[in-house]
Engineer: 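Got a structure for you, questions after.
Indexing begins at 1, ligand by ligand and atom by atom, following the structure's order. Quick caveat: nothing in here was measured; it's all calculated off a predicted structure. All values below come from the heavy atoms of this structure, side chains included, with hydrogens, waters and symmetry mates left out.
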Amino acid sequence: MYTVLNQVSGKSFQCGSDQTVLDGALSNGFNFPYGCQNGFCGQCKAVILNGEIDYDEGNPEAISDDDIEANMALLCQCKAKSDLYIAVDEIDSLANIQIRSMPCRVEEVNHLNHDVVQLILKIPGSQSLQYLAGQYLDIEHPEFEPRAFSIANAPVNSNLLELHIRLVEGGQFTNFVFNALTEKTILRIEGPKGSFFLREESDCPIIFIAGGTGFGPIKAIIENLILMNSSRTVYLYWGVRTEQDFYLNLPSEWSEKHSNISFIPVLSEPDSSWSGMSGYVHEVVMKDFENLIDFEVYACGPPVMVKAAAKSCIENNLKKENFFSDSFEYANVGSTDE
Ligand SMILES: Cc1cc2nc3c(=O)[nH]c(=O)nc-3n(C[C@H](O)[C@H](O)[C@H](O)COP(=O)(O)OP(=O)(O)OC[C@H]3O[C@@H](n4cnc5c(N)ncnc54)[C@H](O)[C@@H]3O)c2cc1C
Ligand code: FES
């Protein structure tokens with residue numbers, strides 16, 4: 001066991017040498033920021049002020065040579081090799097949110113279009129899951145490694161959870177969901193997880209950039225804003241390849257009903273009948289907003305889109321601390337999957 005002391009809070013926790021520093025922090029009730037937990041998204045990056053860490057399988061993708069030079073480490077991947085002194089800004093809003101594992105029943109499997117299923121899960125009895133709109137959960141099934149999916153409905157004390165699941169070509173679990181999962185199946189979920197949620201303390205205008213099923217957690221956040229009667233100005237850019245990839249008409253309904261919400265659909269491979277915006281979704285946002293200094297941006301979807309959006313937003317003057325994202329990385333598939 002090693003002691004990990006956070007300079008920012010002055011608090012410390014004990015971390016086993018066989019667990020990642022992030023796991024040590026979360027299991028001790030520390031609200032460290034993180035996203036994919038796979039070493040890809042970079043959201044768990046922190047400065048190691050003193051002490052030794054190591055990675056089991058070499059340096060992960062999201063850590064650059066410059067990061068290592070600056071003593072940065074990916075807490076979801078590194079293990080302590082000595083006592084550590086680190087600097088991490090904890091997220092206050094997560095203080096009362098507990099990660100739990102519980103069974104749930106598949107209530108509905110709705111095919112929304114050619115490659116997206118809406119899964120409605122029911123938590124049994126009087127239980128409910130406390131989460132912040134935008135967070136995700138892991139689905140556990142005995143035949144598969146856990147897979148991450150964002151919760152697509154706002155938390156309203158209901159015991160129903162909505163997920164939007166895109167079929168991945170050659171993907172084991174998503175093919176199972178599409179072809180074999182039936183209503184009444186019992187699954188397990190673990191959550192809520194992640195740091196993608198609305199920063200309610202701010203009232204500046206928000207730009208949401210969604211790619212494909214990255215719309216799911218953004219839907220939950222916008223539903224929450226509507227429930228709160230928020231008057232914040234919202235621009236929702238939803239990018240997909242072709243028109244048939246839009247799997248819900250809700251954004252148009254929101255923008256018709258709420259004068260503070262604008263919806264801009266974007267196609268990257270439009271046909272000649274499309275009269276809306278075309279191109280990569282983040283590039284369309286950058287053309288519309290050359291100066292993002294007064295904005296918050298929430299981006300969610302494929303990793304390549306999230307990375308490109310982060311880079312372009314910063315180039316267009318967005319303050320780094322006003323960029324929030326969830327990157328839909330694939331799971332690190334282990335040997336359990338057949
Ligand atoms: C925080 C988070 C939230 C997410 N939320 C959502 C969401 O709301 N909706 C959604 O649709 N998705 C979401 N995702 C993505 C989702 O988790 C993945 O699409 C899902 O895990 C894919 O599972 P699968 O078993 O179908 O694919 P896998 O079997 O894991 O395979 C994925 C892809 O990788 C390829 N592959 C697998 N193993 C290898 C290998 N060894 N070498 C090379 N290629 C390989 C496969 O052929 C396939 O193309 C989220 C991801 C994260 C991290
Ligand atoms: S890289 Fe650590 S949470 Fe994504």
Side-chain angles (χ1 to χ4, degrees), residues 20-23 25-26 32-46 53 55 57 59-64 67 72-78 88 91 112-113 115-119 121 131 133-141 143-153 161-181 189-197 210-221 240 245 247-248 299-307 310 324-338:
T20 65
V21 177
L22 181 68
D23 280 343
L26 297 179
F32 283 16
Y34 67 97
C36 67
Q37 292 190 272
N38 285 336
F40 292 110
C41 75
Q43 288 197 45
C44 62
K45 219 178 265 180
I53 54 107
Y55 299 102
E57 291 169 22
N59 294 342
E61 180 160 323
I63 200 99
S64 66
D67 290 332
M72 307 283 273
L74 281 193
L75 299 190
C76 77
Q77 299 298 305
C78 74
V88 181
I91 302 181
L112 298 181
N113 71 0
D115 71 350
V116 178
V117 150
Q118 177 196 50
L119 209 61
L121 303 178
Y131 63 95
Q135 288 192 285
Y136 72 93
L137 46 78
D138 280 335
I139 298 194
E140 296 173 345
H141 183 287
E143 285 169 37
F144 304 96
E145 294 275 318
R147 298 294 199 266
F149 293 99
S150 305
I151 306 170
N153 56 327
L161 298 170
E162 173 184 345
L163 310 177
H164 298 169
I165 298 188
R166 191 179 71 82
L167 179 65
V168 174
E169 207 183 314
Q172 314 223 5
F173 183 72
T174 55
N175 271 279
F176 164 75
V177 170
F178 266 70
N179 302 315
L181 184 65
I189 54 170
E190 188 179 86
K193 298 187 171 186
S195 320
F196 188 66
F197 59 87
T213 43
F215 172 66
I218 288 176
K219 168 181 173 287
I221 295 176
V240 293
D245 296 326
Y247 57 84
L248 282 179
C300 187
V304 56
M305 183 215 88
V306 172
K307 254 186 206 146
F324 308 98
S325 65
D326 227 0
S327 185
F328 283 3
E329 314 283 352
Y330 295 132
N332 271 334
V333 177
S335 54
T336 346
D337 289 14
E338 286 303 312

Engineer: Would you say Cys76 reaches atom 4 (Fe) of ligand 2 with an N/O/S atom under 2.8 Å?
Structural biologist: no
Engineer: Please identify which atoms of ligand 2 are closer than 4.0 Å to at least one heavy atom of Cys44.
Structural biologist: 1 (S), 2 (Fe), 3 (S)
Engineer: Which atoms form the tightest heavy-atom contact between Gln43 and Ser195, and what is the distance?
Structural biologist: OE1-CB, 4.2 Å
Engineer: Should you measure from each heavy atom of Phe40, which atoms of ligand 2 turn up under 4.0 Å away?
Structural biologist: 1 (S)
Engineer: Ala148 to ligand 1: N or O pair under 3.5 Å?
Structural biologist: yes
Engineer: Between the candidates Asp138, Asn38, Thr174, which shows the shortest non-hydrogen contact distance to atom 26 (O) of ligand 1?
Structural biologist: Thr174
Engineer: Kindly give the heavy-atom pair with the smallest separation between Ala73 and Ile53, and that separation in Å.
Structural biologist: CB-CD1, 3.9 Å
Engineer: Looking only at atom types and distance, does a side-chain atom of Tyr136 sit under 3.5 Å from a main-chain N or O of Phe196, one as donor and one as acceptor?
Structural biologist: no
Engineer: Looking at Leu163 and Ser150, what are the two nearest heavy atoms and their distance?
Structural biologist: CD2-O, 3.3 Å
Engineer: Would you indicate which of Phe196, Phe149, Phe173 comes nearest to atom 20 (C) of ligand 1 when only heavy atoms are counted?
Structural biologist: Phe149
Engineer: Counting only heavy atoms closer than 4.0 Å, does ligand 1 sit against the backbone of Tyr330, its side chain, both, or neither?
Structural biologist: side chain
Engineer: Give yes if a backbone or side-chain nitrogen or oxygen of Pro217 is under 3.5 Å from a nitrogen or oxygen of ligand 1, and no if not.
Structural biologist: no
Engineer: Under 3.5 Å between some N or O of ligand 1 and some N or O of Ser327?
Structural biologist: no
Engineer: Which atoms from ligand 2 have a heavy atom of Gln37 less than 4.0 Å away?
Structural biologist: 3 (S), 4 (Fe)
Engineer: Counting heavy atoms only, which of Phe328, Phe144, Phe40 comes nearest to atom 4 (C) of ligand 1?
Structural biologist: Phe328
Engineer: Out of Leu22, Leu75, Val88, which one pairs with Pro33 under the side chain to side chain contact (heavy atoms under 4.5 Å, CB included) rule?
Structural biologist: Val88
Engineer: Could you list which atoms of ligand 2 come closer than 4.0 Å to a heavy atom of Gly39?
Structural biologist: 1 (S)
Engineer: Mind checking the CZ-CG spacing from Phe176 to Leu181? Nearest 0.5 Å is all I need.
Structural biologist: 5.0 Å
Engineer: Would you say the side-chain atoms of Thr174 pair up with the backbone N or O of Val168, donor to acceptor, closer than 3.5 Å?
Structural biologist: yes
Engineer: Quick one: sort the Tyr247 and His164 rings into parallel, tilted or perpendicular, breaks at 30° and 60°.
Structural biologist: perpendicular
Engineer: For ligand 2, which atoms sit closer than 4.0 Å to a heavy atom of Cys36?
Structural biologist: 1 (S), 3 (S), 4 (Fe)
Engineer: Heavy atoms only, cut-off 4.0 Å: how does Ala152 contact ligand 1, side chain, backbone, both, or neither?
Structural biologist: neither
Engineer: Is it the side chain (CB and beyond), the backbone, both or neither of Glu169 that lies under 4.0 Å from ligand 1, heavy atoms counted?
Structural biologist: backbone
Engineer: Working to the nearest 0.5 angstrom, can you tell me the gap between Phe149 CZ and Arg166 CZ?
Structural biologist: 10.0 Å
Engineer: If I compare all heavy atoms of Val116 with all of Phe178, which pair ends up nearest, and what's the gap?
Structural biologist: N-CZ, 3.6 Å
Engineer: Does an N or O anywhere in Arg147 fall below 3.5 Å from an N or O of ligand 1?
Structural biologist: yes
Engineer: Side chain or backbone, does Tyr136 bring an N or O within less than 3.5 Å of an N or O on ligand 1?
Structural biologist: no
Engineer: Hey, does Ile165 sit under 4.0 Å from ligand 1 if you only count heavy atoms?
Structural biologist: yes
Engineer: Report the part of His164 in contact with ligand 1, treating N, CA, C, O as backbone and CB onward as side chain, heavy atoms under 4.0 Å; options are side chain, backbone, both, neither.
Structural biologist: backbone
Engineer: May I ask you to identify the nearest protein heavy atom to atom 4 (Fe) of ligand 2, giving residue, atom name and distance to one decimal place in Å?
Structural biologist: Cys41 SG, 2.3 Å
Engineer: Check whether any N or O atom of Ser150, backbone or side chain, sits under 3.5 Å from an N or O atom of ligand 1, and answer yes or no.
Structural biologist: yes
Engineer: Is a donor on one side and an acceptor on the other found under 3.5 Å between the side chain of Asp67 and the backbone of Met72?
Structural biologist: no
Engineer: Is Gln37 reaching over with its side chain to a backbone N or O of Asp23, donor-acceptor style, under 3.5 angstrom?
Structural biologist: no
Engineer: So is Ala62 in contact with ligand 2, going by heavy-atom distances below 4.0 Å?
Structural biologist: no
Engineer: How far is atom 1 (S) of ligand 2 from its nearest protein heavy atom, and which residue and atom name does that atom have?
Structural biologist: Gly42 N, 3.2 Å
Engineer: Enumerate the atoms of ligand 1 whose separation from the nearest heavy atom of Gly171 is less than 4.0 angstrom.
Structural biologist: 24 (P), 25 (O), 26 (O), 27 (O), 28 (P), 29 (O), 31 (O)
Engineer: Ignoring hydrogens and geometry, is there a side-chain-to-backbone donor-acceptor pair from Gln135 to Gly194 under 3.5 Å?
Structural biologist: yes
Engineer: With side chains defined as the heavy atoms from C-beta onward, is the minimum distance between Ile139 and Phe173 less than 4.5 Å?
Structural biologist: yes
